[in-house]
Number of protein chains: 2
Amino acid sequence: MVNYQPQVGYVLKQAQSLLRLRLEEALKPLELTLSQYSCLHLLRREPGISAAALARGTFVTRQSMNVMLQALLDRGLVERPARAESGRALPAALTAAGVDALDSAQTLVDSVETRMLSGMTESDRDALARGLAACVEALEVTVTHAAGGQGFW
Amino acid sequence: MVNYQPQVGYVLKQAQSLLRLRLEEALKPLELTLSQYSCLHLLRREPGISAAALARGTFVTRQSMNVMLQALLDRGLVERPARAESGRALPAALTAAGVDALDSAQTLVDSVETRMLSGMTESDRDALARGLAACVEALEVTVTHAAGGQGFW
DNA sequence: TTGACCATGTCAGTATCCTGACATACTGTT
DNA sequence: AACAGTATGTCAGGATACTGACATGGTCAA
């Protein structure tokens, strides 16, 4: 075998697929999808964020994010003014019910992630996180804009 | 900050999203989806494989795989008998055109992966691959069945 | 042989996400 | 002030993947 690079791409896809599956399973009792959880999580971290910024932070288009936000609005987990005070961006924020739902979800998500990282040493986890971060950096074209993506997980 | 675990999950999602994006961009000139490439790749590695097995190896359902296979059949990249000689499984295989398309795609995919892993040492790449493999193992419930998923990337 | 069990292929319906397009509001340059 | 450029929200349409269900074919135990 000449190069091992292909293995990394496949294992990356495999790990993310499996993690997504387990997280969806864990969140199912709460009637939350993984994307919705990501949205709520980012909303707690950055209250008043716009839908477009939410979309960038959760790796979906702003169109998809607005559909998702509408569902969360209908369920009373998120609130957003009908009109912006200044500019076009409509600042979204969690409601009290949204905070409660996120708290419940966070426990389940943390449990899955802890399971995923069990059996690894602290330095192993650091190496993994740094390796993945290096991949992201290498795949980014515009480094300037990328700096806006603050880790919120 | 108490625990770093959440960071790993987020960066994992970020890396996979970005890799997927770059691969889709790279494959676009060939009119191939990343899922279609994965399908062709696995078909070369395991000729005569069933659609259900293809689905497991590419992390989609067998229903989705059959739709994808139909498209590849229509384009003449894959061939599959109308009836099985024994059992229900219909063995699929690449056509000559399919091999050509895969060869072209492989070059593009390898280039993206090489870019992703650039700037990392050999031991960094090994650590990354081993860390991801450990995550997969920890998230699997049935280890016996999982052994069927041979890396084919 | 009979029956339960499992894997595969397939059909139907649904959900989610995407691309393309347009109008609106700010920003910076001329 | 006027203009191009950028960012946001939104509407419309299509592509892709999923869940649920059913029939078929093979396997294994009673």
Side-chain angles (χ1 to χ4, degrees), chain A residues 13 16-18 20-25 27-28 31-39 46 48-75 78-92 142 144-145 148-149, chain B residues 13 16-18 20-25 27-28 31-39 46 48-75 78-92 142 144-145 148-149:
Chain A
K13 183 176 179 181
Q16 203 272 343
S17 296
L18 206 48
R20 176 182 183 86
L21 191 65
R22 294 287 173 261
L23 288 175
E24 298 274 12
E25 287 173 359
L27 291 171
K28 200 161 192 177
E31 300 277 347
L32 281 177
T33 60
L34 176 56
S35 296
Q36 289 173 334
Y37 159 77
S38 298
C39 179
E46 305 197 19
I49 194 177
S50 72
L54 268 171
R56 284 191 296 270
T58 55
F59 314 111
V60 296
T61 61
R62 60 185 193 276
Q63 293 89 334
S64 299
M65 178 51 66
N66 271 313
V67 172
M68 196 188 314
L69 268 183
Q70 192 55 53
L72 294 173
L73 283 167
D74 293 343
R75 287 174 61 178
V78 171
E79 55 188 359
R80 196 163 68 147
R83 298 180 57 85
E85 294 186 357
S86 150
R88 289 211 75 192
L90 302 175
T142 57
T144 54
H145 177 260
Chain B
K13 183 177 179 180
Q16 202 273 342
S17 296
L18 207 48
R20 177 183 183 84
L21 191 66
R22 294 288 173 258
L23 289 174
E24 299 273 12
E25 286 172 1
L27 292 172
K28 200 162 191 176
E31 300 276 346
L32 279 178
T33 313
L34 175 56
S35 295
Q36 289 174 335
Y37 158 77
S38 298
C39 179
E46 304 197 19
I49 194 176
S50 71
L54 267 172
R56 284 191 296 269
T58 54
F59 314 110
V60 296
T61 61
R62 62 186 193 276
Q63 293 91 332
S64 299
M65 178 51 67
N66 271 313
V67 172
M68 195 189 316
L69 268 182
Q70 192 56 53
L72 295 174
L73 284 167
D74 293 344
R75 287 174 61 178
V78 171
E79 57 189 357
R80 195 163 68 146
R83 299 179 56 85
E85 295 184 354
S86 151
R88 290 211 73 193
L90 302 175
T142 56
T144 54
H145 178 261

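By convention in this document, chain letters (A, B, ...) are assigned in the order of the sequence lines, proteins followed by strands, and residues within each chain are numbered from 1.
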Contact nearer the 5' end of DNA chain D, comparing Asn66(A) with Thr33(B): Asn66(A)

Whether [X] contacts [N] is assessed here as follows: a side-chain N or O lying under 4.0 Å from the phosphate OP1 or OP2. Is that the case?
X        : N       : result
Arg20(B) : dT16(D) : no
Ser64(A) : dT16(C) : no
Ser35(A) : dC17(C) : yes
Thr61(B) : dA17(D) : no

Side-chain donor-acceptor pair present, Gln70(B), Asp74(B), cut-off under 3.5 Å: yes

In whole Å, what is the span from the [atom1] atom of [X] to the [atom2] atom of [N]?
X        : N       : atom1 : atom2 : value
Arg62(A) : dC17(C) : CZ    : P     : 16 Å
Met65(B) : dT16(D) : CE    : P     : 13 Å
Arg88(B) : dT10(C) : CZ    : C1'   : 7 Å
Leu34(B) : dA15(D) : CG    : C1'   : 15 Å
Leu69(B) : dT16(D) : CG    : P     : 14 Å
Leu21(A) : dA17(D) : CG    : P     : 16 Å
Gln70(A) : dG9(D)  : CD    : P     : 13 Å
Ile49(A) : dT8(D)  : CD1   : P     : 10 Å

Residue pair Leu32(B), Arg75(B): steps toward the side-chain contact (heavy atoms from CB on, under 4.5 Å) verdict: CA-CA 11 Å; Leu32(B) 279 178; Arg75(B) 287 174 61 178; 4.1 Å; yes

N/O donor-acceptor pair under 3.5 Å between Thr33(A) side chain and Gln36(A) backbone: yes

Electrostatic pair Lys28(B)-Glu25(B), nearest N-O below 4.0 angstrom: no

Least distance between heavy atoms, Arg80(A) atom then Ala92(A) atom: CD-CB, 3.9 Å

Sugar-phosphate, base or nothing in reach of Arg83(B), heavy atoms under 4.0 Å: nothing

Sugar-phosphate only, base, or nothing, as touched by Ala53(B) at under 4.0 Å among non-hydrogen atoms: nothing

Earlier contact from the 5' end, DNA chain C, for Gln63(A) and Ala89(B): Ala89(B)

